[in-house]
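Quick caveat, the model's predicted, so the values are computed rather than measured. Chain letters run A, B, ... following the sequence lines, proteins first, then strands; residues in each count from 1.
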Amino acid sequence: MNIIVCIKQVPDTTEVKIDPVTNTLIRQGVPSIVNPFDKNALETALQLKEQHGGKVTVLSMGPAQAKEALKECLSMGADEAVLVSDRAFGGADTLATSYTLAAAVRKLGHFDLIICGKQAIDGDTAQVGPEMAEHLGIAQLTYVCKLEVNGSTVRAQREHEECHEVVEGQFPMVVTVVKTINEPRYSSCKGVLRALRSNIQTLTAQDLAVDETKLGLKGSPTQVRKIFSPSKRTDGVKIQKATARESVSELMQKLADAKIV
Amino acid sequence: MAVKVIEDQCVGCSACVSACPFDAISMNMDKAVIGDACTQCGACVDTCPVQAIVREAEEKTVAIDKDAYKDVWVYLEIAEGQPRNVGLELIGEGRKLADAMKQKLAAVIIGDGVADLAKEAFAYGVDQVYLVEAPELKHYNTDGYTITMTDLINTYRPSVVLMGATNDGRDFGARVACRVHTGLTADCTDLGIDEATGLVAWTRPAFGGNIMATILCPEHRPQMGTVRPSVFKKPVADYSRAGEVIRVASKAKAADIRTRLVEVIKLAGAACNLEEAEIIVSGGRGMKKAENFALLEELAEVLGGAVGASRAAVDAGWLPSMHQVGQTGKTVGPKIYFAVGISGAIQHVAGMSSSDIIIAVNKDAHAPIFDIATYGVVGDALEVVPVMIEEFRKVKAQA
Amino acid sequence: MQFELSEENKMIQKLARQVAETYIAPSVQERDEEERFDRALFDKVASYGFQGIHYQDQYGGSGGDYLSYIIATEEIARVDVSLCIAIGGGGLGGFPIHSYGTEEQKQKYLRPLVEGTALGGFALTEPGAGSDASAQQTTAVLEGDQWVINGSKCFISNYADIYLVIAVTDRSKGLKGLSCFIVEKDTPGFTMGKKEHKMGLRSAVTTEIILQDVRVPKANLLGKEGEAFKYCMQTLDVGRIGCAAQALGIAQAALEHSIKYAKERCQFGKPIAANQGVSFMLADMATKVEAARLLTYQAAWLKQNGRPYGKQAAMAKKFTTDIAMEVTTDAVQIFGGYGYSREYPVEKLMRDAKVHQIFEGTNQIQRIVIAGNLLK
């Protein structure tokens, strides 16, 4: 089974803080990590490979430093890593990104499954997986929390707001996974050394059969108009009495005054 | 538009370096250099004290007849035969956009045996309903629905399409936007009209909720977006309203549908339907262990609400992930949200800040949750909640 | 001069930190309290290969550099130094086998130590032979094609599977009459004696071992007869860098706990870190830790680049273990009354730090080694 796992290097957004004075992001010291959901995707692929044999290729689009993230994936057990990197891809929104990744997938040749994390924690769009499936003209199953492969049949449990759906489809397919599907493994010392000795293939715009008008900023229908900090509520009331009972009765009084209860 | 540094004007102050949310700017020989990670957001343009960073218009190669696209559409997602609240919320919001643009508002209803829902859509405020019914469309499936929606878009050319940012909505929206080759802004929490251009201004949290971004789709149509459930209020239904139903034959054939629904597994049910709940009692790390969630369940039961959780509580395995509220969990907007033992990390706040009233309980008087709470009780959750249960019981008994 | 860790070093550091925080951290306090060594935990941690990073692939290692091993040791010690004793056991037993063993001995004994499927022990110390290795009483006599070993050893780390035992094979030759033998724990006549109840390192095993007519094949003599003292000295040289790395991890942990606590703990309406009395302590602690780190990494760098490292290893061991004692003592001071309580982590760090000034050659011995190097 040939599996391609798409990963993204992201800043660890849980480590980002807001400067209380300037109300801007403090990025210093925020580590770059493999998008956590993509690690679930890789774990899914590695487990499938362990069960059925085959090859796991990790694919990422990003600047040269994204190689770090790819190396981490290699150290976890991926067989090959490919970075799609070119200035021409800069400023890409999800449509241009998925177009580029789909072109890279075609370049890589035969595959059975593409597995992605449900979304990246910096953009949170959850669009690149489905849009890639569309560019490739193949089926998709998103928000998958359980995945089985039998021959070329994929059976997945999809998470929904209030239920799970069991859905089946056939290779080739794009699957996006949620956190609960598994617990991603750590690498090992051997894996780290193996990853460092591996060669990461880099593909540029020239290597891909692409329409240049569909790349990067030029190929992105959406544009960021402005960026601003979320507003804060300022009219809050803080209650801090000697005992829990006193605090709660004060709260009840305030709720009653405001006609909330 | 591209963001560029005018080297001669750059004084090397590096204000832009720290202002860039994407870490895309570095200093080289005391001049700012914009790298590949740039998303053209323009944060640096506003920050530069000497106007050395500018946005430049770039030649667009794709040109479509934008005037051919008119009207605002709301996709009405259906769950168990009923429209999801988010669709109805979007009718209210779509109405505002349509009125501002002086265009019509339409709902798209796809399914099998769902014609009756057109009445609901009219009651909530649409002028038209596009109705597609076929046995293949009984349940949501990516292929059948995408064929149907793209056919409608290509035939009737709406200017704006709104969808709910549910799991299916996001599965569907991305596929449709890609097929009709347009932009899609995901997970919006605010919609408006950009004054300068008259375009829809889609505002969404990015970067784990740490910043908000307003996004436009200038050259492609329709302008599409998914909107988080519960951030807008449902309009008041008026069942005397009526409108035009445009029935369209389905072009999706059984052979086009490459996935097959095998089974639906019901989960905890109403207790967990956070998006629809009017009162939510959520717990975080301050609950200390799984057993203590019984207290929150009891409080929720007294209030007739649902139980939610922070990511920390879900990661600790105290509650299943479907209870998670926040950036990577669910977005909720109840009348009253109790945040118990939740510190209020931005990722959590992104999922609940549109609640009408937020009551926070936390031991740490400096916890960020108190910055957004309407009422904040400083105290140990395990001491405060039992008293709350008692007090709310009394109130209930009197009522 | 280069002060940047290599990509390999950084990746191993990150991995070791993840593994230590995920698997080791949750039970640190409990194992310390119960004086319990958890073999399953060792197996789990060892499965990541930290003990064998710097050994070649053909012996089950990862082919990494020695500094990576030292950094991994530091990271594990930062969370629980007791576990390092077991992880380091592979190094202590593995080093001499790797350096002097036959290919057969390497495949049979080194490989499991490197792969972490076996625990290693190094049995040199005796009740009467601590710093003075020449006072050995344990003897080994060749009978036919077997060596017969008799004697007892004390303060031996780990319930190991494979031990290196030092014994006298020719008393007339003094230090040159000592030989080294590979002894498997299940060999008849080999028994564990009393377990030590210690001040620190409480979840690492330290025992007495008793050898009564223990017969090992001739092939289990390591290297040459009469050369064990040389092997011991070289093993201790290497061990000192590992010992320094452990102390460094302890000191780093004490520093991190102190900074966090000093920012959180409020007295007189402000965090105690706002007092210069406290913040200057933190500044001194951080400076010491950083200096110790540079010395330790330098010793590791010399070793991995095939340079003489004995002096630097002794300096790193002496300096780092001394500053670990100082920094952990200061950490307890910053925590005040809570620092003395077992509910807080810093008193354990102080207890764990102490022994590092004592074992792997006391810090007095280190001074002899350093002075000897200066005055040769």
Side-chain angles (χ1 to χ4, degrees), chain A residues 13-14 16 18 24-25 27 63 87 90-91 93 95 121-127 130-131 134 139-143 159-169 179-180 213 217-218 221-230 232-233 236-240 244-245 247-248 251-252 254 260-261, chain B residues 2 19 21 23 36-43 61 142 166-167 170-171 174-175 178-179 182-187 206-208 210-217 220 258-267 273 275 321 357 370-379 383-384 387-388 391 395:
Chain A
T13 52
T14 58
V16 174
I18 301 280
T24 51
L25 290 179
R27 284 203 52 138
R87 282 218 74 123
D93 72 357
L95 192 69
I121 60 165
D122 57 345
D124 286 312
T125 69
Q127 280 166 206
E131 292 188 336
E134 174 63 23
Q140 75 193 40
L141 288 172
T142 52
Y143 304 97
E159 262 187 10
H160 266 279
E161 281 65 23
E162 59 290 286
C163 65
H164 285 184
E165 262 181 19
V166 180
V167 190
E168 267 186 10
K179 184 171 69 177
T180 48
T213 62
L217 186 65
K218 236 185 240 179
T222 60
Q223 291 181 359
V224 181
R225 179 74 180 179
K226 64 170 180 180
I227 294 267
F228 57 100
S229 298
K232 284 185 176 177
R233 203 167 204 147
V237 183
K238 208 185 274 182
I239 305 165
Q240 188 168 17
R245 186 159 296 279
S247 292
V248 174
L251 170 71
M252 298 307 287
K254 288 195 188 300
I260 295 163
V261 293
Chain B
D23 209 12
D36 296 350
C38 175
T39 64
Q40 325 291 328
C41 75
T61 44
T142 312
T166 58
N167 283 4
R170 301 208 293 179
D171 181 279
R175 194 89 197 200
C178 190
R179 193 165 298 179
T182 191
L184 171 68
T185 307
D187 270 29
F207 231 79
N210 288 291
I211 51 173
M212 305 300 290
T214 299
I215 293 176
L216 306 179
C217 179
H220 296 70
R258 292 170 288 190
T259 56
R260 186 175 70 87
L261 178 66
V262 179
E263 165 187 19
V264 175
I265 302 169
K266 297 264 176 210
L267 300 170
N273 198 351
E275 287 94 335
S321 64
I357 292 164
F370 290 123
D371 293 341
I372 59 148
T374 330
Y375 302 100
V377 178
V378 182
E383 289 172 23
V384 173
V387 187
M388 277 186 170
E391 292 290 327
V395 173

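For chain A, the option among D187(B), N210(B), V395(B) with the highest count of heavy-atom pairs below 4.5 Å is N210(B). Contacts with chain B were tallied for V166(A), T13(A), T125(A), I239(A); V166(A) has the most, counting heavy-atom pairs under 4.5 Å. Among R87(A), K179(A), E131(A), Q140(A), the residue with the largest count of heavy-atom pairs under 4.5 Å with chain B is Q140(A). Interface check for chain A: of the options C217(B), G376(B), A43(B), C38(B), the most heavy-atom pairs under 4.5 Å are formed by G376(B). Taking A139(A), A244(A), G90(A) one by one and counting their heavy-atom pairs under 4.5 Å with chain B, the maximum is reached by A139(A). With chain A as the partner, the residue from A174(B), S321(B), A206(B), C178(B) showing the most heavy-atom pairs under 4.5 Å is C178(B). In terms of heavy-atom pairs under 4.5 Å with chain A, the best-connected choice from M388(B), R170(B), M212(B) is M212(B). Contacts with chain A were tallied for L184(B), T185(B), T166(B); L184(B) has the most, counting heavy-atom pairs under 4.5 Å.
Contact check for V237(A) versus K254(A): side-chain heavy atoms found under the 4.5 Å cut-off.
For K238(A), the salt bridge (Lys or Arg N to Asp or Glu O under 4.0 Å) criterion is met by no residue, not counting sequence neighbours. Residues meeting the salt bridge (Lys or Arg N to Asp or Glu O under 4.0 Å) test with E159(A), sequence neighbours left out: none.
For the atom pair CD of E168(A) and CG of L141(A), the computed distance is 10.0 Å after rounding to the nearest 0.5 Å. To the nearest 0.5 Å, atom SG of residue C163(A) and atom CD1 of residue I265(B) are 9.0 Å apart. Rounded to the nearest 0.5 Å, atoms OG1 (T214(B)) and NZ (K226(A)) are 5.0 Å apart.
For Y143(A), the part lying near chain B is the side chain, with the backbone staying farther off; criterion is any non-hydrogen pair under 4.5 Å. Contacts between L251(A) and chain B at a heavy-atom distance below 4.5 Å involve the side chain alone, from C-beta outward. Only the side chain of T180(A) comes within contact range of chain B, with heavy atoms under 4.5 Å apart. For T142(B), the part lying under 4.5 angstrom from a heavy atom of chain A is the side chain only.
With hydrogens and angles disregarded, a donor-acceptor distance shorter than 3.5 Å links the side chain of D93(A) to the backbone of T222(A). Using modelled atom types, one side-chain atom of E161(A) and one backbone atom of N167(B) make a donor-acceptor pair closer than 3.5 Å.
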